[in-house]
Asks: 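Please see the structure below; I have some questions.
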Amino acid sequence: MILFEGTIPWNLILAGLASNVTYYFLLQTFPHIQLTSLTFISACVLLILNHYLAFSHFANVWYPFSEVLAFFTIFLWIIPFTFFISLSANENVLPTTTDPGIPENDNDIVSNYFKRKSRKYGLLAFMKFAEESLLPQRIKKGF
């Protein structure tokens with residue numbers, strides 16, 4: 001659709017396509033991303049280049065804010081954000097095998113894991129901690 005509209009410059013479209021190609025190459029070795037690999041560095045450089053080209057285009061040509069936000073969300077942010085979210089999910093904490101500390105007659109690995117787990121780590125636990133420690137507490141009045 002963007003190709004046929006004609007208002008988005010070709011350099012922005014080509015930079016976006018090049019970014020998606022580098023994201024595809026990152027996907028080949030996905031859970032194991034090396035920060036010093038040429039693919040990762042080129043993906044970061046193309047991400048910055050894409051943002052620069054998009055900001056310069058939208059600074060010169062007026063579009064409604066909702067269209068600019070939709071462009072940034074769909075064409076610039078969705079794939080890098082998905083990479084970031086899936087890398088931040090710590091899959092190593094999921095119970096997949098039986099621990100030696102679990103009694104042999106207890107075959108329910110998942111419930112035993114959550115019983116033994118005293119502190120949860122993750123994005124939700126961090127947000128709950130930030131909410132409890134940073135935001136003021138409100139006392140609810142009962143009438």
Side-chain angles (χ1 to χ4, degrees), residues 1-102 106-143:
M1 183 71 183
I2 288 179
L3 293 173
F4 301 115
E5 189 174 321
T7 59
I8 304 293
W10 282 99
N11 58 357
L12 184 58
I13 294 171
L14 293 177
L17 290 175
S19 297
N20 284 317
V21 167
T22 56
Y23 299 149
Y24 174 74
F25 287 127
L26 272 178
L27 194 59
Q28 301 297 320
T29 61
F30 170 61
H32 307 289
I33 294 178
Q34 295 181 359
L35 299 179
T36 58
S37 70
L38 182 62
T39 308
F40 181 76
I41 293 171
S42 62
C44 291
V45 167
L46 282 172
L47 180 70
I48 293 169
L49 176 70
N50 251 346
H51 277 79
Y52 172 75
L53 291 173
F55 279 128
S56 63
H57 172 69
F58 289 117
N60 294 330
V61 180
W62 185 86
Y63 287 93
F65 180 72
S66 61
E67 291 181 16
V68 174
L69 187 63
F71 181 86
F72 272 85
T73 303
I74 294 170
F75 295 109
L76 295 181
W77 295 337
I78 198 163
I79 295 175
F81 185 70
T82 306
F83 271 123
F84 177 73
I85 291 298
S86 59
L87 282 177
S88 67
N90 192 358
E91 295 181 16
N92 293 331
V93 299
L94 295 176
T96 55
T97 59
T98 309
D99 290 336
I102 298 174
D106 190 6
N107 292 331
D108 189 9
I109 297 171
V110 176
S111 63
N112 193 357
Y113 173 79
F114 286 114
K115 282 183 212 171
R116 290 186 311 122
K117 187 109 173 122
S118 62
R119 184 177 172 124
K120 294 180 182 177
Y121 296 101
L123 186 60
L124 181 61
F126 174 73
M127 296 302 272
K128 292 271 187 196
F129 172 73
E131 178 186 15
E132 292 171 0
S133 62
L134 298 177
L135 296 177
Q137 300 294 325
R138 293 192 309 180
I139 299 173
K140 295 182 181 179
K141 296 180 182 179
F143 291 102

Asks: With sequence neighbours left out, what residues match F25 under ring pair (Phe, Tyr, Trp, His ring centres under 6.0 Å)?
Replies: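 F25 satisfies ring pair (Phe, Tyr, Trp, His ring centres under 6.0 Å) with no residue once adjacent residues are dropped.
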
Asks: Considering residues at least two apart in sequence or located in another chain, which fulfil the side-chain contact (heavy atoms from CB on, under 4.5 Å) criterion with L53?
Replies: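 With sequence neighbours excluded, L53 shows a side-chain contact (heavy atoms from CB on, under 4.5 Å) to N11, L12, A15, L49, given in chain and number order.
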
Asks: From I8 CD1 over to W10 CH2, what is the distance, rounded to the nearest 0.5 angstrom?
Replies: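 The CH2 atom of W10 is 11.5 Å from CD1 of I8, to the nearest 0.5 Å.
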
Asks: Under the side-chain contact (heavy atoms from CB on, under 4.5 Å) test, which residues partner V45, sequence neighbours left out?
Replies: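 If we apply the side-chain contact (heavy atoms from CB on, under 4.5 Å) test to V45, skipping adjacent residues, the hits are I41.
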
Asks: Identify the two heavy atoms, one from V68 and one from Y63, that lie closest to each other, and give their separation to 0.1 Å.
Replies: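 Nearest pair, atom of V68 first, then Y63: CG2-CB, 3.7 Å.
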
Asks: Pairs in or reaching into residues 41-52: which pass side-chain hydrogen bond (donor to acceptor under 3.5 Å, both in side chains), with residues at least two apart or in two chains?
Replies: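 Residue pairs passing side-chain hydrogen bond (donor to acceptor under 3.5 Å, both in side chains), neighbours aside: S19-N50, H51-W77.
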
Asks: Identify, with sequence neighbours excluded, every residue that meets side-chain contact (heavy atoms from CB on, under 4.5 Å) alongside I74.
Replies: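 Checked I74 against side-chain contact (heavy atoms from CB on, under 4.5 Å); zero matches.
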
Asks: Please enumerate all residues that pass side-chain contact (heavy atoms from CB on, under 4.5 Å) together with F81, with sequence neighbours excluded.
Replies: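 For F81, the residues satisfying side-chain contact (heavy atoms from CB on, under 4.5 Å) (neighbours in sequence not counted) are I85.
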
Asks: Give every residue pair that meets the side-chain hydrogen bond (donor to acceptor under 3.5 Å, both in side chains) criterion with at least one member in residues 22-31, sequence neighbours excluded.
Replies: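 Of all non-adjacent pairs touching residues 22-31, those that pass side-chain hydrogen bond (donor to acceptor under 3.5 Å, both in side chains) are Y24-Q28.
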
Asks: Could you check whether F58 and F71 have their ring centres less than 6.0 Å apart?
Replies: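 Centroid distance F71-F58: below 6.0 Å, so yes.
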
